[in-house]
4 protein chains.
Amino acid sequence: MAKSSDGKYEKILHAAIDVISEKGLDKTSISDIVKKAGVAQGTFYLYFSSKNALIPAIADNLLTISLESVKEKTGGKSSFWDILEVMIDETFRITKEYKDIIILCYSGLAIDYSMEKWEAIYQPYYVWLENILKKAMQRNELISDMNVKWTAKTIINLIENASERFYISQSQDDGIEVFKMEVFNFIKRSISNPS
Amino acid sequence: MAKSSDGKYEKILHAAIDVISEKGLDKTSISDIVKKAGVAQGTFYLYFSSKNALIPAIADNLLTISLESVKEKTGGKSSFWDILEVMIDETFRITKEYKDIIILCYSGLAIDYSMEKWEAIYQPYYVWLENILKKAMQRNELISDMNVKWTAKTIINLIENASERFYISQSQDDGIEVFKMEVFNFIKRSISNPS
Amino acid sequence: MAKSSDGKYEKILHAAIDVISEKGLDKTSISDIVKKAGVAQGTFYLYFSSKNALIPAIADNLLTISLESVKEKTGGKSSFWDILEVMIDETFRITKEYKDIIILCYSGLAIDYSMEKWEAIYQPYYVWLENILKKAMQRNELISDMNVKWTAKTIINLIENASERFYISQSQDDGIEVFKMEVFNFIKRSISNPS
Amino acid sequence: MAKSSDGKYEKILHAAIDVISEKGLDKTSISDIVKKAGVAQGTFYLYFSSKNALIPAIADNLLTISLESVKEKTGGKSSFWDILEVMIDETFRITKEYKDIIILCYSGLAIDYSMEKWEAIYQPYYVWLENILKKAMQRNELISDMNVKWTAKTIINLIENASERFYISQSQDDGIEVFKMEVFNFIKRSISNPS
DNA sequence: GATGAATGAGCCTTCATTCAT
DNA sequence: GATGAATGAAGGCTCATTCAT
């Protein structure tokens, strides 16, 4: 059930990630990608309809990696605050490691008014966190009057944005630990059950 | 007089905003811009070094408009919560009105790894809010153990991201008033002084 | 078969020679060349990296023609003086026929500081004449204390320059026969063995 | 009787020589030249009708310098062979010093089929050498059956070409002294009176 | 499915030249 | 004479896409 014969889909996808990370989306040509992937020019179009079709695939790939990593690291944990800590740690780690791909996703998804695709791609992450939140609410760890859907999205965004400010916008007024702690506390103050 | 410039910089800038909003950055050619601006092809390059040099200028222009609008609307207010409400209202309004430019800024600033420019452009907004926060802390409206710099950035981002999710990513699970209220409460719970 | 190349390289090269001979290098656009060659604009760049890359190819082509013609005409001759006469005749004939290309080579090779390429292109001609000179020395037709390498280059240059003065610089104080004879005698007086 | 007010003609000419020597003719814009000359864009056109009009002026300037230098150095000498030696030395020296300008003249004069201008520019040099040759013939230093006009041109060309091969085409099989000596002897064998 | 030579539309950019001041 | 902002034509080159093999 492989995507295709020789894993050419993956070859092209990873070559694209490599080259675009290095040269930026604009400066990267299909020619660069197929050269790196070791396939012919025309082969690209057997797997991707166009250059822009790459970006959702890349973004999806990145989010899948992130989510799996978070799921794995939070495997045994039940306390919401432990899970939140892992989410923060992992988001910072992944932002650092894949900052070039993240930039590419920003520039790429803005093309063609395809911003809505973000939401589709993030959907599994949102759903996962919604469930976490619900369980924590049942355990009275969190306040009860909370819009779970909205809060899940906001928390994910808040963490991601903080780490992007840190690693991409180079806004490093303080050390990374301060950054992480601020994120944690900002969220905790807002949604923990004071009981 | 009137020779130098003749407002050509502004003419080009606004023509660029118009055309790019309509067609998107990639599909817009310099030729489109100068035609709309009513200047010669070469004149463009007297004011902007390249096509990409437009984006920071556009972003800067947008933020200046936003900030001025917020400042004006909060003119007489002293309560932090009144100010926050204005910020939320204005951010949603501007996001709606200028959603195309915002998208363009996302994609444009991601090009050339010039993401750091965001921070420079936002600087005046950050500084303004930091001062607001400090005054509110002195009035005991807010908790005292707060990293003002970090919180200012986070609040601005949180509001913007929520409104972008609403208008751009079309994540309209709930009505706009719910969205706005969630933002307000999330922040309030996190930083208001419970005293 | 017939796919690869299909003689497109030659088509482009000869179209370039034709058009540039007629219009001059500066006034000739790639567009002119490909139109004449009957290939697409982009195809040009599959065979030549840039417009300037044409000139060495053209120069090489011209010298190959010249050398082959000289070799053929001197086929049966053994006397150095007969060979020299052929060289002079052929050089004058070719200069007349291809004066436009020669001018183009002068101007083209001067671009990009690629003058050294001249020497590489002339190498086969130099080597051929060096061998002729050596054999003539063994037959005692020529003086024995002669730097063969240097003399070969100088003789070739001397003939070419004279014919260029005649056809290109229009310095026709005297008839062509006088010109040719002067060249012949100048060289003969300098290197013939008086024995 | 200055060419113009502030020596702007000279300023532009020398700025042109400097910039073109450094960047090459093609890559040099009028803008570069006027910037270096410290005059306005439009001022250029008060002194030169176009960019190409520069080259004959530059070539003329170079030859005037060369000829004056040769004349000065041969001031007291009467022996033709002493004069020839000076000519060779000076030509090599000037070729080394001004190789970039010489290249520029090659490429520039080939434009617009203006090769004939070479001859006009060289005229004073030719005439000077013709007179030297005539006097030497009267002193029986040289053979008597010689086309003076043709020989003058050929000698000048032969020396120049040898030095260009040495410095520009980098054809340095032998040291410079060997090169110079070969030139001297080749000419001497050809035209000295054996008596 | 895989190839890669060929395509050709289109764009950014340069730069010689002009002209109102 | 001098200026330099403005012009706008022109062209080299790129590159996504196609299609015959």
Side-chain angles (χ1 to χ4, degrees), chain A residues 4-6 8-9 11-12 26-35 37-54, chain B residues 1-6 8-9 12 26-35 38-53, chain C residues 1-6 8-9 12 26-35 38-54, chain D residues 4-6 8-9 12 26-35 37-54:
Chain A
S4 116
S5 61
D6 274 334
K8 288 208 160 56
Y9 178 89
K11 266 188 191 166
I12 293 171
D26 259 33
K27 306 272 173 65
T28 300
S29 65
I30 303 289
S31 166
D32 294 328
I33 295 169
V34 296
K35 224 169 280 164
V39 300
Q41 194 87 354
T43 306
F44 179 89
Y45 290 90
L46 296 173
Y47 298 95
F48 295 92
S49 61
S50 76
K51 188 183 176 181
N52 288 336
L54 272 171
Chain B
M1 81 199 78
K3 182 59 189 292
S4 232
S5 117
D6 216 11
K8 286 208 162 52
Y9 178 90
I12 294 171
D26 261 31
K27 306 276 171 64
T28 300
S29 65
I30 303 289
S31 168
D32 294 327
I33 295 170
V34 294
K35 223 169 282 164
V39 300
Q41 192 87 358
T43 306
F44 179 90
Y45 291 91
L46 292 176
Y47 296 95
F48 296 93
S49 59
S50 77
K51 191 182 174 181
N52 288 337
Chain C
M1 84 200 77
K3 182 62 188 290
S4 230
S5 117
D6 215 12
K8 287 208 162 54
Y9 178 90
I12 294 170
D26 261 30
K27 306 278 171 63
T28 300
S29 66
I30 304 287
S31 167
D32 294 328
I33 295 170
V34 295
K35 223 169 281 166
V39 300
Q41 192 88 357
T43 306
F44 178 89
Y45 292 91
L46 292 176
Y47 296 96
F48 296 92
S49 60
S50 76
K51 190 182 176 183
N52 288 337
L54 272 171
Chain D
S4 114
S5 58
D6 274 333
K8 286 207 163 54
Y9 178 90
I12 294 170
D26 260 31
K27 308 271 172 67
T28 300
S29 65
I30 302 289
S31 165
D32 294 326
I33 295 170
V34 296
K35 225 169 280 166
V39 299
Q41 194 87 352
T43 306
F44 179 88
Y45 290 90
L46 296 174
Y47 297 96
F48 295 92
S49 61
S50 78
K51 188 182 176 182
N52 289 337
L54 272 172

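Values reported hereafter were calculated over all heavy atoms of this structure, with side chains retained and with hydrogens, waters and symmetry mates removed. Numbers restart at 1 for each chain; the letters A, B, ... are given by sequence-line order, proteins then strands. Just so it is clear, the structure is predicted and the values come from calculations on it, not from any experiment.
Not one side-chain nitrogen or oxygen of C:Y45 sits closer than 4.0 Å to the OP1 or OP2 atom of E:dA6. Regarding contacts with the backbone of E:dT7, a side-chain N or O of C:T43 is found under 4.0 angstrom from either OP1 or OP2.
Atom NZ of C:K35 and atom P of F:dA10 are 12 Å apart (whole Å). Rounded to a whole Å, the CZ atom of C:F48 is 16 Å from the C1' atom of F:dG12. Atom CG of A:L54 and atom P of F:dA16 are 10 Å apart (whole Å). Computed from coordinates, the C:Y9 OH to E:dA5 P distance equals 17 Å when rounded to whole Å. With rounding to whole Å, A:I33 atom CD1 is found 17 Å from E:dG4 atom P. We find that NZ of A:K11 is positioned 16 Å from P of E:dG1, with the value rounded to whole Å. Put simply, NZ on D:K27 is 14 Å from P on F:dG12, counting in whole angstrom units. C:D26 has its CG atom 20 Å from the P atom of F:dA9, to the nearest Å.
In terms of heavy atoms, C:D26 sits closest to C:K51 at O-NZ, 3.9 Å.
The aromatic rings of A:Y47 and A:Y9 stand perpendicular to each other, their planes meeting at an angle above 60°, with 30° marking the opposite boundary.
Candidate nucleotides E:dT3, F:dA2, E:dA6 were compared by shortest atom distance to the side chain of A:L46, and E:dT3 ranks first. In this structure, of F:dT3, F:dA6, F:dA16, it is F:dA6 that holds the atom nearest to the side chain of B:K8.
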Dot-bracket notation for DNA chain F, counting Watson-Crick and G-U pairs under 3.5 Å, with | for partners on another strand = .||||||||||||||||||||
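One can find a donor-acceptor pair under 3.5 Å joining the base of E:dT13 and the side-chain atoms of B:Q41.
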query = Does the side-chain contact (heavy atoms from CB on, under 4.5 Å) test come out yes or no for B:T28 and B:I33, once each step is laid out?
reply = CA-CA 8 Å; B:T28 300; B:I33 295 170; 3.8 Å; yes
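Side chains of D:V39 and D:I12 form a contact here, defined as non-hydrogen atoms less than 4.5 Å apart.
Legend: residues meeting side-chain hydrogen bond (donor to acceptor under 3.5 Å, both in side chains) with B:S50, ordered by chain and number and at least two apart, are absent.
Of the residues near DNA chain E, D:K51 and B:F44, the one whose nearest nucleotide (by heavy atom distance) lies more toward the 5' end is B:F44. Comparing C:I30 and B:V39 against DNA chain F, the residue whose closest nucleotide sits nearer the 5' end is B:V39. Between B:G38 and C:S29, the residue anchored closer to the 5' end of DNA chain F is B:G38, taking for each the nucleotide with the nearest heavy atom. When each of C:G42 and B:T28 is assigned the nucleotide of DNA chain E with its nearest heavy atom, C:G42 is the one assigned upstream, toward the 5' end.
Considering OG1 of A:T43 and NZ of A:K11, their distance stands at 10.0 Å, rounded to 0.5 Å.
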